Participant: 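Can you keep this structure in mind? I'll have questions shortly.
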Amino acid sequence: GTANIGVVGLAVMGSNLARNLASREGNTVAIYNRSHDKTETLVAEHPEAKFVPAYSYDEFAASLQKPRTAIIMVKAGGATDAVINALVEAFEPGDIIVDGGNALFTDTIRREKAVRETGINFVGAGISGGEEGALLGPSIMPGGSDESWVTLGPILKSIAAVAEGEPCVTHIGHDGAGHFVKMVHNGIEYADMQLIAEAYDLIRRATGKSPAEIADVFAEWNKGELESYLIEITAEVLRQMDADTGKPLVDVILDQAGAKGTGAWTVQTALNLGVPVSGIAEAVFARSLSSHPEQRSVSGELPGPSEGLSVEDTDEFIEQVRLALYASKIVAYSQGFDEIRAGAAEYNWTIDLGAVSKIWRGGCIIRAQFLNRIADAYAESPELSVLLTAPYFVDALGPAQAAWRHIVATAATAGIPAPAFASSLAYYDGLRADRLPAALVQGQRDFFGAHTYKRVDKEGTFHTLWSGDRSEVEAEDTH
Ligand code: NBP
């Protein structure tokens, strides 16, 4: 074989990734797609690219140098399993199969185990950045064995985005670690987008500014600590006018947000791990609420506050929203990194959280300046259990918290939904609280279910005889 890397699946993502690979010095790329027309089109449209087209899995295997390395970019789920099975048939021990699709990390763990038994290496790699990222340089989150990383690392480094001179790829951890981190990346993306949307909505309703004027606000914010791809594209979307109606495009887009499931996976996994990713969850639920028109049609019947929102000092209000957004964003990232930390503990991965924040600085949807601050925080204390308690973030939250409270209170009083702002603040105050009403919940649990409780003043496990004389007895320690 003459090709050093192969791509299976030449739809939007695969064809762009194949072109990216072929554009790098020294690469020759074997390409295969189930329907031959996609392969033929790709070759015909890019005569300059060093492609070796294949029209069967055997031909594909024969065109690759050993150890063979192939990246699968097909629809996640059954299609991925079908391609893996075909490649396992055509490949030999020592070869490397990479799944670059959006697989659920538990599927990746299962596949890695099954493929490993054949002597072939399997790597689940999260690839972020959409179509443009695939072509110009994505952020790549590979899992898999250390052995595969030796071969794969240099190839992935050559095609990844570059942030401040460093390629946006690192070996995340074994088996499903890469897809786990990609999943949480998407969860954080949901939260970031929802927070930006809430900020826009509050500014618009409070100040009456037009979408184009609010675009200017976001463009200005993009010069400061909020600088990020999502803030930048928000300004672009808000500035866009609809050719048909002459209205701002944002006013003619149906207000029902879609989702492809990775946000829900992030929340489901967090529930299983017992990690409170409340900001991410609110963002996922906000999309769900938006996409139930039959439920929302009752909105006119539900009473709201009698007075609308009016602000005297527009500039001051906008600055308060900016601070609330920044504080809530710190919470969203802190919760996401908490989930990665908990996932690593559960699945025995060694994940360098600082390295994760660095590879998100380029190529992916949540790329932002802000990620450097996260990298700094983990460089200073790698064992940090709650990211937002790092000195830099505490210093940022200090001056922001008054504005944050004011904005959440204002939204509630005016009847404007700001679920991600509000839940982020509640999480923050939950962490701050000296005592939580969880003590009462424990009392309730003990009352109806004899679930027992611990005391603040002595060791042991206790139960009150609620239906007896209400004296306290020491319960058997169930641990
Ligand atoms: P799609 O997710 O639309 O999948 C289409 C590809 O899967 C085609 O190449 C198709 O072959 C192939 N395929 C299917 Br469907 N069933 C197959 C089977 N049984 N055997 C072999 N091939 C099969 O492509 P995409 O949008 O390029 O996304 C690829 C992966 O990348 C997905 O996992 C996606 O979640 C992930 N991803 C996408 C984005 C994005 O922005 N779109 C971003 C990040 C990650 P055919 O041509 O013969 O039908």
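This is a predicted model, so every value here is computed, not measured. Just so it is clear, the values below take in all heavy atoms, side chains as well, and ignore hydrogens, waters and symmetry mates. Order of listing sets the numbers, starting from 1, for every ligand and every atom in it.
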Participant: Heavy-atom pairs closer than 4.0 Å: do any link ligand 1 to the side chain of Leu10, the backbone, both, or neither?
Facilitator: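 Within the 4.0 Å criterion, Leu10 contacts ligand 1 through backbone atoms alone.
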Participant: With heavy atoms of Lys75 as the reference, note each atom of ligand 1 found under 4.0 Å away.
Facilitator: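 Once the distances to Lys75 are compared, the set is 2 (O), 4 (O), 7 (O), 15 (Br).
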Participant: May I ask you to identify, for Val74, whether its side chain, its backbone, both or neither come under 4.0 Å of ligand 1 on a heavy-atom basis?
Facilitator: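 The answer is both.
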Participant: Got more than 12 heavy atoms from elsewhere within 6.0 Å of CD, Glu227?
Facilitator: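 Yes, the 6.0 Å shell around CD holds more than 12 heavy atoms from other groups.
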Participant: With salt bridge (Lys or Arg N to Asp or Glu O under 4.0 Å) as the criterion, how do Lys209 and Asp216 come out once you've worked through the C-alpha distance, each side chain's angles and the decisive distance to 0.1 Å?
Facilitator: CA-CA 10 Å; Lys209 279 183 184 289; Asp216 293 338; over 6 Å; no
Participant: In this structure, are over 12 heavy atoms from other groups packed under 6.0 Å from Glu383 atom CD?
Facilitator: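 Open.
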Participant: Kindly indicate, with the supporting measurements, whether the criterion side chain to side chain donor-acceptor pair (under 3.5 Å) is fulfilled by Tyr326 and Arg322.
Facilitator: CA-CA 6 Å; Tyr326 187 49; Arg322 190 188 70 81; over 6 Å; no
Participant: Which heavy atom of the protein is the closest neighbour of atom 41 (O) of ligand 1, given with residue, atom name and distance?
Facilitator: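 Ranked first by proximity to atom 41 (O) of ligand 1 is Gly130 CA, 3.4 Å.
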Participant: Atom 42 (N) of ligand 1: which protein heavy atom is closest, and how many Å away?
Facilitator: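 The closest heavy atom on the protein side is Met13 CG, 3.7 Å.
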Participant: Among all protein heavy atoms in this structure, tell me which lies nearest to atom 21 (C) of ligand 1, with the distance rounded to 0.1 Å.
Facilitator: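 Of every protein heavy atom, Val83 CG2, 3.4 Å lies nearest to atom 21 (C) of ligand 1.
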Participant: Cationic tip of Arg111 within the cone over Phe122's six-membered ring, i.e. under 6.0 Å and within 45° of the normal?
Facilitator: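 Judged by the rule, Arg111 and Phe122 form no cation-pi pair.
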Participant: By number and element, which atoms of ligand 1 are closer than 4.0 Å to a non-hydrogen atom of Met73?
Facilitator: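 Those atoms are 29 (C), 31 (O).
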Participant: Are Trp360 and Arg367 close enough that some pair of their side-chain heavy atoms sits under 4.5 Å apart?
Facilitator: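 No. Closest side-chain heavy atoms not under 4.5 Å.
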Participant: Should we say atom NZ of Lys358 is surrounded by more than 12 heavy atoms from elsewhere, each under 6.0 Å from it?
Facilitator: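 Incorrect, the count does not exceed 12.
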Participant: Please state which option from Arg34, Glu131, Lys182 has its nearest heavy atom closest to atom 18 (C) of ligand 1.
Facilitator: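 Selected option, by shortest heavy-atom distance: Arg34.
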Participant: What pairs of residues pass the side-chain hydrogen bond (donor to acceptor under 3.5 Å, both in side chains) test when at least one of them lies in residues 24-38, not counting sequence neighbours?
Facilitator: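 Qualifying pairs: Asn4-Asn27, Asn20-Arg24.
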Participant: Only heavy atoms of Gly9, strictly under 4.0 Å: list the atoms of ligand 1 that pass.
Facilitator: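 Reading through ligand 1 atom by atom, the close ones are 9 (O).
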Participant: In terms of residue, atom name and distance, what is the protein heavy atom nearest to atom 3 (O) of ligand 1?
Facilitator: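 The closest one turns out to be Ala11 CB, 4.6 Å.
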Participant: Distance under 4.0 Å to a non-hydrogen atom of Ala76: what atoms of ligand 1 satisfy this?
Facilitator: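 Numbered from 1, ligand 1 contributes 33 (O).
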Participant: Please indicate, with yes or no, if any protein heavy atom is found under 4.0 Å from atom 33 (O) of ligand 1?
Facilitator: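 Yes, because at least one protein heavy atom sits under 4.0 Å from atom 33 (O) of ligand 1.
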Participant: Find all atoms of ligand 1 within a distance of less than 4.0 Å from any non-hydrogen atom belonging to Asn102, and give their numbers and elements.
Facilitator: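 Counting from 1, the qualifying ligand atoms are 33 (O), 35 (O), 36 (C), 37 (N), 45 (C).
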Participant: Just which atoms of ligand 1 are under 4.0 Å from any heavy atom in Lys38?
Facilitator: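 Answer, ordered by atom number: 46 (P), 47 (O).
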Participant: Can Lys66 and Asp95 be said to form a salt bridge (Lys or Arg N to Asp or Glu O under 4.0 Å), step by step?
Facilitator: CA-CA 7 Å; Lys66 296 178 189 177; Asp95 292 347; over 6 Å; no
Participant: Should you measure from each heavy atom of Ser35, which atoms of ligand 1 turn up under 4.0 Å away?
Facilitator: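 Those of ligand 1 that fall under 4.0 Å from Ser35 are 46 (P), 47 (O), 48 (O), 49 (O).
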Participant: Which is it for Ile127 and ligand 1 at heavy atoms under 4.0 Å: side chain, backbone, both or neither?
Facilitator: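 It is the backbone that touches ligand 1; the side chain stays farther off.
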Participant: With Tyr428, which residues qualify under ring-ring contact (aromatic ring centres under 6.0 Å, His included), at least two apart?
Facilitator: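 For Tyr428 the ring-ring contact (aromatic ring centres under 6.0 Å, His included) partners, ignoring immediate neighbours, are Trp404.
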Participant: Tell me, do Ser228 and Ile231 make a side-chain contact under 4.5 Å, heavy atoms counted?
Facilitator: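 Touching, per the 4.5 Å side-chain cut-off.
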Participant: Quick test of your reading of the structure: of Leu17, Val7, Asn33, whose heavy atom lies closest to atom 8 (C) of ligand 1?
Facilitator: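 Of the listed residues, Asn33 has the closest heavy atom.
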